[in-house]
There are 2 protein chains.
Amino acid sequence: MQRDLDIRVAIIEDDETIREGYAFLIGNTTGYKIAGTYASFEDAAKKIVQDDPDVILLDVELPGISGIEALPKLKKLLPDTHIIILTVYEQEMLIFRSLGNGAAGYLTKNTQPEKIVAAIKEVTEGGGPMSAHVARMVISSFKRNESTPLTRRETEILEQIATGKSRKRIADELFIDLETVKSHIKNIYYKLDVHSKADAIKAAKDNKFI
Amino acid sequence: MQRDLDIRVAIIEDDETIREGYAFLIGNTTGYKIAGTYASFEDAAKKIVQDDPDVILLDVELPGISGIEALPKLKKLLPDTHIIILTVYEQEMLIFRSLGNGAAGYLTKNTQPEKIVAAIKEVTEGGGPMSAHVARMVISSFKRNESTPLTRRETEILEQIATGKSRKRIADELFIDLETVKSHIKNIYYKLDVHSKADAIKAAKDNKFI
DNA sequence: ATCATTTCCCCCTCTTTGGGTTAGTGCAGG
DNA sequence: CCTGCACTAACCCAAAGAGGGGGAAATGAT
């Protein structure tokens, strides 16, 4: 058996039963090897660099430094290691913050064992494993609201405003007069029932018009 | 066999060989039924409402109206139908536009047949199937650049600026003086080597500082 | 032919922006 | 201990922009 080619997996999880359960599962699968298991980030910080894992399974609700806070620190210690979040929570905020902080995947703990093992392989091959429901939430975050009250031009102009451009600059880039841009903005404000740039951007983003 | 409980699948794909291949594959899988196959959106538009599919497999590069343009139109015709994009392309722009236009999943054509069948089931259960590489790109789009030249406060203020708020309003909300906000902005502009709000926002977004 | 959209024009006030420069405080690393 | 860095705040200035009031013509789809 080529132990050198095994995928080295580390687990950071405070619940001993779960931690040992995953370790047993992964350690007994051909092609995988447990590089280390830790009950907290503080615990992991001391040894994880020497243990040199290829993939880390990270719980978000850790005692002390949380998994999300630990993410950028782990990435700094091990820049080439892929980190998969493994948690019971499916909250949008948690998911997006995790992915924003450098997670390569996001699985819920009810994921079947064989899928977890597959996910570990997937990240090493450049994939981004996600539980079905998580994937749907991530996709939904891209979705525009198809029933916008704004016309195409209005939407276009509001998008430009959201990039911080001045009305004059928008006018120049769209090859229309400044007065036209002002007219559109007046209509946008009226439709969204707002009276400022910031409120219009917020209203539009909340409703996914832009 | 309970034909009524089968998942009804429609395929919109101009290449006849591929279209019939998928139709054969899906039609011969227990629990699935082909509701209709079409060579173009124009073709589909006439009959797809009567055919009433639960899931549509949609090719992006169709003759005439492209798959991406077809997406919102299909959603309008069949609001409760899940649409999975099936294409050879893995371009970021194509992926994000597809998801933004209402796709529930994005698979590449080299996906194994059994995974395509599984993806069809997944969308009906609220999932968001994606090919591994696509998922990674989607996740990467959330990722912040950890090596930002900006300090925490500067990043925070730049984020506020990106929402369209005025300096005065930012100052009030952060409980600091307007002059302090101005100082931070001057430092942000210097660090990013820009001389305007719009350029700062663009530079920061391009580099994923915000 | 009509309606929504897009375009353009005038008026007005007040706020905001960008730039230059200096400087106090507090905190962490060498 | 001392040097940087981050955060805070202050003063100066001219120019540009934002927001709101009114109206009106051209374009375009269906």
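Remember, it's a predicted structure, so these values are computed and weren't measured experimentally. Chain A is the first sequence line, chain B the second, and so forth, proteins listed ahead of strands; every chain is numbered from 1.
Ion pairing of A:Glu159 with A:Lys205 is absent here, as no side-chain N (NZ or NE/NH1/NH2) approaches a carboxylate O to less than 4.0 Å. Ionic pairing of A:Lys168 and A:Asp172 is present here: one or more N-O contacts between side-chain nitrogen and carboxylate oxygen are shorter than 4.0 angstrom. B:Lys121 has a carboxylate O that lies under 4.0 Å from a charged side-chain N of B:Glu125, or vice versa, which qualifies the two as a salt bridge. A salt bridge links B:Glu173 and B:Arg169; the closest N-O separation between the charged side-chain nitrogens and carboxylate oxygens is under 4.0 Å.
Across the protein-nucleic acid pair, B:Leu158 atom CG and C:dT17 atom P stand 13 Å apart, rounded to whole Å. A:Arg169 has its CZ atom 21 Å from the P atom of C:dT16, to the nearest Å. If you take CZ of A:Arg152 and C1' of D:dG28, they are 12 Å apart, rounded to a whole angstrom. Taking atom CG of B:Leu174 as the reference point, atom P of D:dA6 lies 18 Å away to the nearest angstrom. Atom P of nucleotide D:dG19 and atom CD1 of A:Ile161 are separated by 8 Å, given to the nearest angstrom. Nucleotide D:dA9 holds its P atom 12 Å from the NZ atom of B:Lys168, rounded to whole Å. D:dA9 atom P lies 12 Å from atom CG of B:Asp172, rounded to whole Å. Put simply, CZ on A:Phe175 is 17 Å from C1' on C:dT6, counting in whole angstrom units.
Residue contacts for B:Ser183: at a heavy-atom cut-off of 4.0 Å it reaches a base atom on one of the strands shown. B:Lys182 comes within contact range of at least one nucleobase, with a heavy-atom separation under 4.0 Å. Across all strands shown, B:Lys197 has heavy atoms under 4.0 Å from sugar-phosphate atoms exclusively, and none from any base. B:Arg167 comes within 4.0 angstrom of a base, heavy atoms only. Among the protein residues, A:Ser166 comes within range of the sugar-phosphate backbone only, with heavy atoms under 4.0 Å from sugar or phosphate atoms but none that close to a base.
Residue order along DNA chain D, read from the 5' end via each residue's closest nucleotide, puts B:Ile176 first among A:Leu178 and B:Ile176.
Of the listed nucleotides (C:dC10, D:dA10, D:dT8), D:dA10 has the atom at the smallest distance from the side chain of B:Asp177. The nucleotide whose nearest atom lies closest to any side-chain atom of B:His195 is, among D:dA9, D:dG17, C:dG18, C:dG18. Distance from the side chain of A:His184 is smallest to C:dT6 among C:dT6, D:dC11, D:dA6. Of the candidates D:dG19, D:dC7, C:dC10, the closest approach to any side-chain atom of B:Thr151 belongs to D:dC7.
Contact check, B:Tyr189 against C:dG19: no side-chain N or O comes under 4.0 Å of OP1 or OP2. An OP1 or OP2 oxygen of D:dA9 is reached within less than 4.0 angstrom by a side-chain nitrogen or oxygen of B:Thr180.
In this model, no side-chain donor or acceptor of B:Glu154 finds a partner on the base of D:dC7 within 3.5 Å. Contact of A:Lys186 with D:dG21 (side chain to base): a donor-acceptor pair of N or O atoms is detected under 3.5 Å.
Residue A:Ile188 forms a side-chain contact (heavy atoms from CB on, under 4.5 Å) with just one option from A:Val194, A:Thr155, A:Leu158, and that option is A:Leu158.
Side-chain N/O atoms of B:Tyr38 and B:Asp51 include a donor and acceptor closer than 3.5 Å.
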